[in-house]
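Here the structure is laid out as structure tokens; the discussion comes afterwards.
In what follows, every heavy atom counts, from backbone to side chain, and hydrogens, waters and symmetry copies are set aside.
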Amino acid sequence: MTERLDQALRNMRESGKTGVIPYITIGFPTAEDTLTIVPALEKAGATVIELGVPYSDPLAEGPTIQAASYKALAGGATMHQCIQTARQLRQAGVTVPLIFMGYYNPVLNYGIEAYAKDCAAAGVDGFIIPDLPVEEAKPFHDKCRAEGLALIPMLAPTSTDLRIARGTAAADGFVYCVSVAGVTGARSELPATLPDFVKRVRLQTNLPVVVGFGVSERAHVESVGRVADAAAVGSALINVIESAPTGERAERAGAFIASLVGA
């Protein structure tokens, strides 16, 4: 695990507060917007920021993030641009951990060793790859660890105890618990089965547990905080950005995350 991610997660736990991990799609609505929105999210109190790498077939995503990826790709987003965006954010003074969330086919096409090296050099701290099962992850995982990058597993409510054990055994950084057996998207309430699911995961790991998919308001963050360490929010934030006037996207995104943090 990178020291930057390690320190941020340690600070989160020591504070006793529920962390908030926002997700935005790189290049949405424009590449320039990403460079202004991320600092606003950091200032708002984000624990970690997930940067979505646009992909044409994002199987874990609901309509909101699918549409954001489509617009980013239509605007010219590429793997190289995503890495350059991380580099520019670091050069601009962003210090919050940055996690690339994307899909494995573009990584394979780029080359797993080159991707790990280039991302590390640009200031990326790790990866979430929804379509990379633990049984097939070792080659990329080895490259990540060689570069000091975290490969963060995703677990679902349908995961068996054996599968949870396999996922957590190979985990770096934190464990991402998907709240529902479905795709991303803002929801009115989180499932009643969430506490039991997170409890099963906690029995297998001492790493921080993050809950995502469906988190869209402060009450959800508070609910997640009763059982887990942090809440990830994506679609609700994308909706805020989508509806904001052109010159106010970063400001409104920051205000929304600040409201979830409780600032």
Side-chain angles (χ1 to χ4, degrees), residues 1-23 46-50 60 96-102 104 116 120 124-182 184 190-215 220-234:
M1 189 194 318
T2 66
E3 177 56 31
R4 182 164 41 220
L5 181 59
D6 180 32
Q7 187 63 53
L9 295 172
R10 186 162 53 242
N11 291 345
M12 174 190 70
R13 279 187 153 177
E14 291 176 354
S15 74
K17 297 180 179 179
T18 305
V20 174
I21 300 180
Y23 165 100
T47 304
V48 175
I49 296 176
E50 293 178 34
V96 68
L98 300 176
I99 303 296
F100 271 6
M101 182 169 181
Y104 201 41
V124 176
D125 297 284
F127 307 99
I128 300 171
I129 303 181
D131 61 346
L132 180 59
V134 65
E135 292 84 358
E136 300 177 17
K138 190 178 186 304
F140 185 54
H141 202 178
D142 289 345
K143 303 301 182 185
C144 290
R145 286 187 165 172
E147 299 297 331
L149 298 168
L151 184 58
I152 296 153
M154 298 186 87
L155 297 171
T158 51
S159 297
T160 64
D161 289 343
L162 176 59
R163 186 140 194 89
I164 290 171
R166 287 175 177 170
T168 55
D172 298 310
F174 58 87
V175 177
Y176 193 117
C177 288
V178 177
S179 70
V180 295
T184 58
L190 299 178
T193 55
L194 181 62
D196 288 339
F197 170 36
V198 174
K199 182 179 180 180
R200 289 199 298 127
V201 175
R202 284 208 185 276
L203 289 173
Q204 305 273 14
T205 184
N206 290 321
L207 290 175
V209 174
V210 175
V211 172
F213 287 45
V215 176
H220 293 165
V221 175
E222 293 172 350
S223 178
V224 167
R226 297 186 190 102
V227 295
D229 298 282
V233 55

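For the pair I128/Y176, a side-chain contact is recorded, criterion being any heavy-atom separation below 4.5 Å from C-beta on. Here the side chains of R4 and L98 are not in contact, with every heavy-atom distance at 4.5 Å or above. The shortest side-chain heavy-atom distance between P195 and R226 does not fall under the 4.5 Å cut-off. Put simply, the side chain of I99 reaches to within 4.5 Å of the side chain of D125, judged on heavy atoms. Contact check for H141 versus D172: side-chain heavy atoms found under the 4.5 Å cut-off.
In terms of heavy atoms, L155 sits closest to F197 at O-CZ, 3.5 Å. Of all heavy-atom pairs spanning R166 and V134, the tightest one is O-CG2, 3.7 Å. Between A116 and K143 the shortest heavy-atom distance is CB-O, 3.9 Å. Closest approach of V198 and V227 over heavy atoms only: CG1-O, 3.3 Å.
The residue from D6, N11, L5 that alone fulfils the side chain to side chain contact (heavy atoms under 4.5 Å, CB included) condition with L9 is L5. Here the rule is side chain to side chain contact (heavy atoms under 4.5 Å, CB included) with M154, and of V210, D131, V178 only V178 fits it.
The pair D142-K138 meets the salt-bridge criterion, since a charged nitrogen lies less than 4.0 angstrom from a carboxylate oxygen.
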